[in-house]
Amino acid sequence: MGLRIHFVVDPHGWCCMGLIVFVWLYNIVLIPKIVLFPHYEEGHIPGILIIIFYGISIFCLVALVRASLTDPGRLPENPKIPHAERELWELCNKCNLMRPKRSHHCSRCGHCVRRMDHHCPWINNCVGEDNHWLFLQLCFYTELLTCYALMFSFCHYYYFLPLKKRNLDLFVVRHELAIMRLAAFMGITMLVGITGLFYTQLIGIITDTTSIEKMSNYCEEISRPRKPWQQTFSEVFGTRWKILWFIPFRQRQPLRVPYHFANHV
């Protein structure tokens with residue numbers, strides 16, 4: 001989609017991302033088969049709820065794949081530094097290459113990333129200037145899909161009418177209770193973790209502070225002007241159209257950021 005593919009060779013990251021894909025597949029296959037389709041066939045729920053479920057699932061998967069494969073903002077070996085911005089660049093003491101301020105060297109990937117927030121093993125990639133918006137979409141749609149699946153699981157046992165047509169020869173029907181308990185456990189665990197992560201990410205964008213800057217204690221809030229939250233979000237998502245903040249299929253266009261807001265890490 002107009003972005004070069006960035007692939008990180010890290011077995012630990014592959015395992016973490018594989019676990020996320022397994023949880024996604026587990027819910028996207030079993031929840032509709034046990035809950036959605038049977039209740040739809042008996043007229044308990046409208047078909048639009050199934051369409052919404054699969055729509056959220058597709059958005060979640062696209063955000064995951066693109067956040068994992070999109071270049072987070074890796075700096076080239078011989079960057080072209082505009083003459084007017086030379087004072088805003090510095091030398092990395094690990095790779096001995098020039099980089100703009102607010103960049104950080106990722107020890108796992110082995111290179112510097114523009115406005116790096118952190119290295120996330122769950123997407124097997126760094127979260128930086130060019131894929132931060134996709135990571136936020138991933139957190140949002142993962143939380144939304146988890147809440148949606150947990151809601152249907154709860155309604156299946158405590159709200160919907162009992163199913164009349166059930167094929168007891170099917171594996172998922174005979175082991176329904178165990179399957180739904182495992183889905184609920186994974187859903188609650190995912191919801192708790194994603195909620196905390198998503199909250200810290202939103203606070204970081206509102207305050208225009210990355211996770212690394214928070215841990216490094218280099219942020220001087222008194223000397224740095226505070227931006228409006230609309231501007232910080234627009235810079236991360238690459239557009240001022242708020243509706244486009246939720247679309248993972250588009251291409252991000254970086255906005256011009258005033259350099260007097262630059263920070264140092």
Side-chain angles (χ1 to χ4, degrees), residues 1-29 56-77 92 94-95 97 99 102-146 149 186-187 189-202 204-205 210-216 236-238 245-252 254 265:
M1 297 183 185
L3 298 174
R4 58 181 181 177
I5 294 179
H6 180 77
F7 188 77
V8 179
V9 180
D10 183 6
H12 176 259
W14 294 344
C15 292
C16 292
M17 188 173 178
L19 180 60
I20 296 297
V21 174
F22 168 77
V23 174
W24 183 86
L25 287 174
Y26 187 94
N27 286 274
I28 201 66
V29 172
I56 298 174
S57 302
I58 292 174
F59 274 55
C60 181
L61 180 63
V62 172
L64 172 62
V65 173
R66 292 199 64 193
S68 175
L69 297 180
T70 297
D71 188 343
R74 178 177 180 176
L75 290 169
E77 295 185 359
C92 176
K94 295 182 180 179
C95 58
L97 297 175
R99 66 184 187 185
R102 303 198 73 180
S103 300
H104 185 77
H105 185 90
C106 178
S107 58
R108 184 172 293 273
C109 296
H111 53 73
C112 289
V113 177
R114 298 192 311 273
R115 204 181 184 279
M116 177 178 170
D117 188 84
H118 67 286
H119 181 92
C120 181
W122 300 107
I123 64 172
N124 191 32
N125 199 359
C126 291
V127 177
E129 182 177 304
D130 292 339
N131 70 340
H132 198 173
W133 66 287
L134 291 166
F135 183 75
L136 289 171
Q137 290 182 351
L138 174 62
C139 293
F140 174 75
Y141 286 116
T142 300
E143 189 164 0
L144 193 60
L145 181 62
T146 303
M186 292 189 298
T189 303
M190 186 76 68
L191 183 61
V192 173
I194 289 294
T195 299
L197 177 61
F198 191 40
Y199 173 78
T200 56
Q201 289 293 305
L202 292 179
I205 295 178
T210 65
S211 299
I212 293 178
E213 290 170 349
K214 291 179 182 178
M215 293 185 294
S216 301
V236 170
F237 286 95
W245 295 355
F246 300 92
I247 308 300
F249 305 96
R250 63 182 178 87
Q251 180 180 354
R252 176 183 179 272
V265 175

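As the structure is a prediction and not an experimental result, all values here were calculated from the model.
- Annotation: ring pair (Phe, Tyr, Trp, His ring centres under 6.0 Å) contacts of His105 (sequence neighbours excluded): none.
- Annotation: cation-pi geometry satisfied between Arg250 and Trp133 (NZ/CZ under 6.0 angstrom from ring centroid, within 45° of ring axis).
- With contacts defined as side-chain heavy-atom distances shorter than 4.5 Å, the pair Phe237/Leu136 qualifies.
- Asn125 places a side-chain N or O within 3.5 Å of a backbone atom of Thr70 that can act as its donor or acceptor partner.
- One distance of note links CZ of Arg66 with CZ of Phe135; it measures 16.0 Å at 0.5 Å rounding.
- Between Met116 and Pro72, every side-chain heavy-atom pair lies at or beyond the 4.5 Å cut-off.
- Counting only heavy atoms from C-beta outward, the side chains of Ser103 and Leu75 approach each other to under 4.5 Å.
- Side-chain N or O atoms of Ser68 include none that pairs as donor or acceptor with a backbone N or O of Leu64 at under 3.5 Å.
- When all heavy atoms are compared, the tightest approach of Cys60 to Thr142 is SG-OG1, 3.4 Å.
- Identified under the side-chain hydrogen bond (donor to acceptor under 3.5 Å, both in side chains) test for residues 7-21, with sequence neighbours left out: Asp10-Arg108.
- When the side chain to side chain contact (heavy atoms under 4.5 Å, CB included) test is applied to Val29, no partner is found at least two apart in sequence or on another chain.
- Taking SG from Cys15 and CG from Asn124, the interatomic distance works out to 9.5 Å, rounded to the nearest 0.5 Å.
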Only pairs under 3.5 Å count here: list side-chain donor-acceptor contacts from residues 192-202, not counting sequence neighbours, and write none if there are none.
| from | atom 1 | to | atom 2 | distance (Å) |
| --- | --- | --- | --- | --- |
| Thr195 | OG1 | Glu143 | OE2 | 2.9 |
| Thr195 | OG1 | Leu191 | O | 2.6 |
| Thr200 | OG1 | Gly196 | O | 3.3 |
| Thr200 | OG1 | Leu197 | O | 2.7 |
| Gln201 | OE1 | His132 | NE2 | 2.6 |
| Gln201 | NE2 | Asp117 | OD2 | 3.1 |

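- In this structure, Trp122 has no ring pair (Phe, Tyr, Trp, His ring centres under 6.0 Å) partners at least two apart in sequence or on a different chain.
- Although no hydrogens or angles enter the test, the distance criterion places no donor-acceptor pair under 3.5 Å between the side chain of Arg99 and the main chain of Cys112.
- At least one donor-acceptor pair under 3.5 Å links the side chain of Asp71 to the backbone N or O of Arg74.
- Contact between Val113 and Gly128 at its shortest, heavy atoms only, is CG1-CA, 3.9 Å.
- The closest donor-acceptor contact from the side chain of Tyr141 to the backbone of Val62 lies at 3.5 Å or more, if one exists at all.
- Listed here is the closest heavy atom pair of Ala149 and Asn27: CB-OD1, 4.3 Å.
- At a threshold of 4.0 Å, the pair Arg115-Glu129 does not count as salt-bridged, since none of the basic side-chain nitrogens sits closer than that to a carboxylate oxygen.
- Here the closest heavy-atom approach between residue Gly73 and residue Asp130 is recorded as CA-OD2, 3.5 Å.
- The closest donor-acceptor contact from the side chain of Arg114 to the backbone of His104 lies at 3.5 Å or more, if one exists at all.
- Here the side chain of Gln137 pairs a donor or acceptor atom with the backbone of Ile247 at under 3.5 angstrom.
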Side chain to side chain contact (heavy atoms under 4.5 Å, CB included) assessment of Ile123 paired with Leu138: CA-CA 10 Å; Ile123 64 172; Leu138 174 62; 3.6 Å; yes

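- Separation of the Phe59 and Phe246 ring centroids does not fall under the 6.0 Å cut-off.
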For residues 18-26, tabulate all N or O donor-acceptor pairs below 3.5 Å that involve a side-chain atom, not counting sequence neighbours.
| from | atom 1 | to | atom 2 | distance (Å) |
| --- | --- | --- | --- | --- |
| Trp24 | NE1 | Ser57 | O | 3.2 |
| Tyr26 | OH | Ile179 | O | 3.0 |

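- Contact of the Ser211 side chain with the Glu213 side chain is not registered, since no non-hydrogen atoms from C-beta on lie closer than 4.5 Å.
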